[in-house]
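Worksheet for the structure shown next.
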Amino acid sequence: MEILDKPLLKALINEDIPFYEVMNMFNIKTTILFNIPPRVLGFVYLSRRGYYHLLLNGSVNYETQCKVFIHEIVHITEDMPKLAYRIGLDMQHTYMEQAADEVADMFYNIR
């Protein structure tokens, strides 16, 4: 898939740059939340200052957090530059969400 050629995902796959440095290079701040409902696995938004805030549910298992992380990275690399991205509920059946899930599953399974 061509998404694996994106610089952000390449840097994560190669593992030759520490994770926190990759996140800083791409202005991504990752936070684990423990006070959100279990059905909300994570989300991302772009702040006014140009930082991507990637939030993950800390109440789910590590494997799920990893898949959700990659899912949200797909939104940062693919969707947010092209669309007026918004946070919505019950969007899991949209093409955008299903495509991000497919990439996350594929990416996580090749690891």
Side-chain angles (χ1 to χ4, degrees):
M1 270 187 140
E2 68 184 50
I3 189 167
L4 296 178
D5 293 331
K6 300 285 183 180
L8 173 55
L9 286 174
K10 274 186 163 180
L12 290 171
I13 291 169
N14 291 340
E15 296 180 356
D16 51 356
I17 303 171
F19 174 81
Y20 67 91
E21 288 183 23
V22 173
M23 295 295 98
N24 285 335
M25 281 189 318
F26 290 93
N27 290 332
I28 300 171
K29 307 297 181 196
T30 304
T31 304
I32 307 293
L33 301 174
F34 291 93
N35 59 348
I36 60 176
R39 71 179 184 277
V40 178
L41 299 177
F43 56 95
V44 64
Y45 69 91
L46 181 63
S47 75
R48 289 184 212 169
R49 293 187 173 154
Y51 290 100
Y52 293 100
H53 291 273
L54 196 157
L55 301 121
L56 300 172
N57 189 331
S59 300
V60 298
N61 65 51
Y62 180 73
E63 181 178 336
T64 301
Q65 287 179 2
C66 289
K67 286 183 179 180
V68 172
F69 174 82
I70 296 300
H71 174 105
E72 299 305 334
I73 291 295
V74 171
H75 287 318
I76 290 171
T77 60
E78 287 293 299
D79 303 323
M80 294 178 90
K82 299 175 190 169
L83 303 170
Y85 192 78
R86 62 181 182 255
I87 296 174
L89 300 175
D90 296 325
M91 292 181 60
Q92 67 271 20
H93 301 295
T94 64
Y95 173 77
M96 182 174 65
E97 291 299 317
Q98 290 174 349
D101 280 344
E102 287 175 19
V103 172
D105 287 340
M106 180 198 62
F107 183 87
Y108 193 77
N109 290 329
I110 63 172
R111 307 288 300 138

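A donor-acceptor pair is defined here as one N or O able to donate and one able to accept, closer than 3.5 Å; no such pair exists between the side chain of Asn57 and the backbone of Gln65.
Scored by the side chain to side chain donor-acceptor pair (under 3.5 Å) test, Asn35 finds no partners at all (sequence neighbours excluded). Here Arg48 pairs with nothing under the side chain to side chain contact (heavy atoms under 4.5 Å, CB included) rule; sequence neighbours left out. Legend: residues meeting side chain to side chain contact (heavy atoms under 4.5 Å, CB included) with Ile28, ordered by chain and number and at least two apart, are Leu8, Met23, Phe26, Thr30, Tyr52, Leu54, Ile73, Ile76. Remark: Pro38 engages no residue in a side chain to side chain contact (heavy atoms under 4.5 Å, CB included) (not counting sequence neighbours). A search for side chain to side chain contact (heavy atoms under 4.5 Å, CB included) contacts involving Asn24 returns Tyr20, Lys29, not counting sequence neighbours.
The side-chain heavy atoms of Asn27 and Arg49, taken from C-beta on, include no pair separated by under 4.5 Å.
Between Tyr45 and His53, the ring planes are parallel. Angles under 30° get that label, and only those over 60° would be called perpendicular.
Note: His75 NE2 to Ile70 CD1 = 12.5 Å, rounded to the nearest 0.5 Å. Distance check: Leu56 CG to His71 NE2 gives 11.0 Å after rounding to the nearest 0.5 Å. To the nearest 0.5 Å, atom CG of residue Leu55 and atom OG1 of residue Thr31 are 5.0 Å apart.
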Subject >> Derivation and outcome, ring pair (Phe, Tyr, Trp, His ring centres under 6.0 Å), residues Tyr62 and Phe69 >> reply: CA-CA 10 Å; Tyr62 180 73; Phe69 174 82; over 10 Å; no

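No single ILVMFWY cluster, assembled from side-chain heavy atoms under 4.5 Å apart, contains both Tyr51 and Ile32.
Closest heavy-atom contact between Phe34 and Gly58: CE2-O, 3.1 Å.
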